[in-house]
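One structure is given here, and the rest of the page talks about it.
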Amino acid sequence: MLEGKLVRLRALRPQDAEHHLRWRNDPEVVRWAAAGDPCFGPVTAEAIGLAFDTMLRLPPRESAVLTVEDLAGGTVIGMADYRDLDPYAGVATLGVTIGEREFWGRGHGGETVRLLVDHLFGAYGLHRLELDTWSGNERAVRAFAKAGFREEGRRRSAVLVQGERHDRVLFGMLRAEWAAGRPAGPPR
């Protein structure tokens with residue numbers, strides 16, 4: 001379990017499927033989290049069930065899906081994941097979705113990113129972390145930059161959202177950048 005001031009990240013549980021089903025069938029969540037990608041949603045309960053069978057068995061040395069809880073009330077508000085963890089290259093990709101709209105823009109997503117970054121650099125000794133979003137998701141762009149990620153590039157007009165083209169924005173953070181931005185003292 002990883003805990004900050006606003007959120008707690010914990011292991012995925014079977015009962016979390018109901019939240020994933022709701023979020024992935026909410027058009028606004030699908031729009032912001034996945035630029036409206038139909039592979040993200042809408043989805044059926046059966047599809048979520050099959051996905052959960054896989055997610056609950058993921059080996060944490062390679063990937064994991066975590067549940068994000070609001071620390072104040074214990075409410076499940078989102079999900080975070082890391083994937084494509086390559087111990088040889090020292091690289092992993094991460095993602096965060098805050099599915100409960102009332103928690104958007106309040107710092108929960110940013111803290112989730114920071115907790116996951118600290119965990120991945122601290123526990124796995126990785127060299128670099130990556131993530132991406134679409135250029136219309138300005139909240140995510142700000143949260144990633146605030147967490148210490150640098151924009152590394154764009155795939156121009158690679159995302160189609162409601163008939164409009166947007167860039168895919170690619171971010172990265174190196175271990176040295178993470179270490180330089182942390183307070184002195186023992187690891188968090």
Side-chain angles (χ1 to χ4, degrees), residues 1-12 29 31-35 37 40 55 58-71 77-100 103-159 161 166-188:
M1 194 174 326
L2 308 171
E3 201 167 287
K5 294 179 179 171
L6 297 173
V7 299
R8 172 185 305 115
L9 278 61
R10 64 160 172 79
L12 192 67
V29 174
R31 178 173 189 254
W32 294 113
D37 183 346
F40 188 82
M55 289 188 292
L58 290 172
R61 288 185 181 264
E62 298 169 15
S63 58
V65 178
L66 305 169
T67 295
V68 180
E69 293 178 336
D70 173 53
L71 201 55
I77 64 167
M79 57 185 157
D81 76 283
Y82 61 91
R83 57 198 175 279
D84 306 324
L85 196 151
D86 181 339
Y88 179 74
V91 177
T93 301
L94 60 105
V96 171
T97 298
I98 301 300
E100 297 300 330
F103 292 92
W104 290 358
R106 295 177 43 194
H108 294 74
E111 184 173 79
T112 299
V113 170
R114 288 187 296 278
L115 287 170
L116 193 52
V117 165
D118 286 351
H119 173 66
L120 291 170
F121 277 132
Y124 292 99
L126 298 174
H127 175 69
R128 115 182 225 102
L129 295 174
E130 305 171 342
L131 47 72
D132 67 71
T133 190
W134 59 289
S135 57
N137 192 344
E138 296 170 3
R139 256 192 327 264
V141 169
R142 282 192 307 270
F144 299 160
K146 188 175 180 181
F149 281 87
R150 293 186 184 181
E151 183 178 324
E152 294 184 331
R154 288 177 177 250
R155 293 191 180 121
R156 296 174 299 138
S157 294
V159 178
V161 180
H166 295 269
D167 295 347
R168 168 81 46 213
V169 187
L170 312 171
F171 291 89
M173 182 188 299
L174 302 178
R175 180 179 193 79
E177 295 164 344
W178 168 74
R182 297 177 66 229
R188 291 187 264 178

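Nothing here was measured: the structure is a model prediction, and the numbers come from that model.
Remark: Arg154 pairs with Ser135, Glu151, Asp167, Val169 by the side chain to side chain contact (heavy atoms under 4.5 Å, CB included) rule, at least two apart or across chains. Asp132 pairs by the side chain to side chain contact (heavy atoms under 4.5 Å, CB included) definition with Arg168, Leu170, not counting sequence neighbours. Residues passing the salt bridge (charged side-chain N to carboxylate O under 4.0 Å, His left out) test with Arg114, sequence neighbours excluded: none. Ala80 pairs by the side chain to side chain contact (heavy atoms under 4.5 Å, CB included) definition with Leu9, Val68, Val96, Thr112, Leu116, not counting sequence neighbours. By the side chain to side chain contact (heavy atoms under 4.5 Å, CB included) test, Ser63 pairs with Leu58, Arg83, sequence neighbours left out. Under the rule for a side chain to side chain donor-acceptor pair (under 3.5 Å), the partners of Thr67 that lie at least two apart in sequence or sit in another chain are Asp16. The salt bridge (charged side-chain N to carboxylate O under 4.0 Å, His left out) check on Arg31 picks up nothing, with sequence neighbours excluded. Take Asp86 and apply the side chain to side chain donor-acceptor pair (under 3.5 Å) test, not counting sequence neighbours, and it matches no residue. Remark: Glu62 engages no residue in a salt bridge (charged side-chain N to carboxylate O under 4.0 Å, His left out) (not counting sequence neighbours). Under the side chain to side chain donor-acceptor pair (under 3.5 Å) criterion, Glu100 pairs with Arg22, Trp23, not counting sequence neighbours. Shown here are the side chain to side chain donor-acceptor pair (under 3.5 Å) partners of Trp134, two or more places apart in sequence or in another chain: there are none.
The list of salt bridge (Lys or Arg N to Asp or Glu O under 4.0 Å) pairs with a residue in residues 169-179, not counting sequence neighbours, reads Arg150-Glu177.
Here the CG-CD distance, from Leu6 to Glu111, works out to 4.5 Å after rounding to the nearest 0.5 Å.
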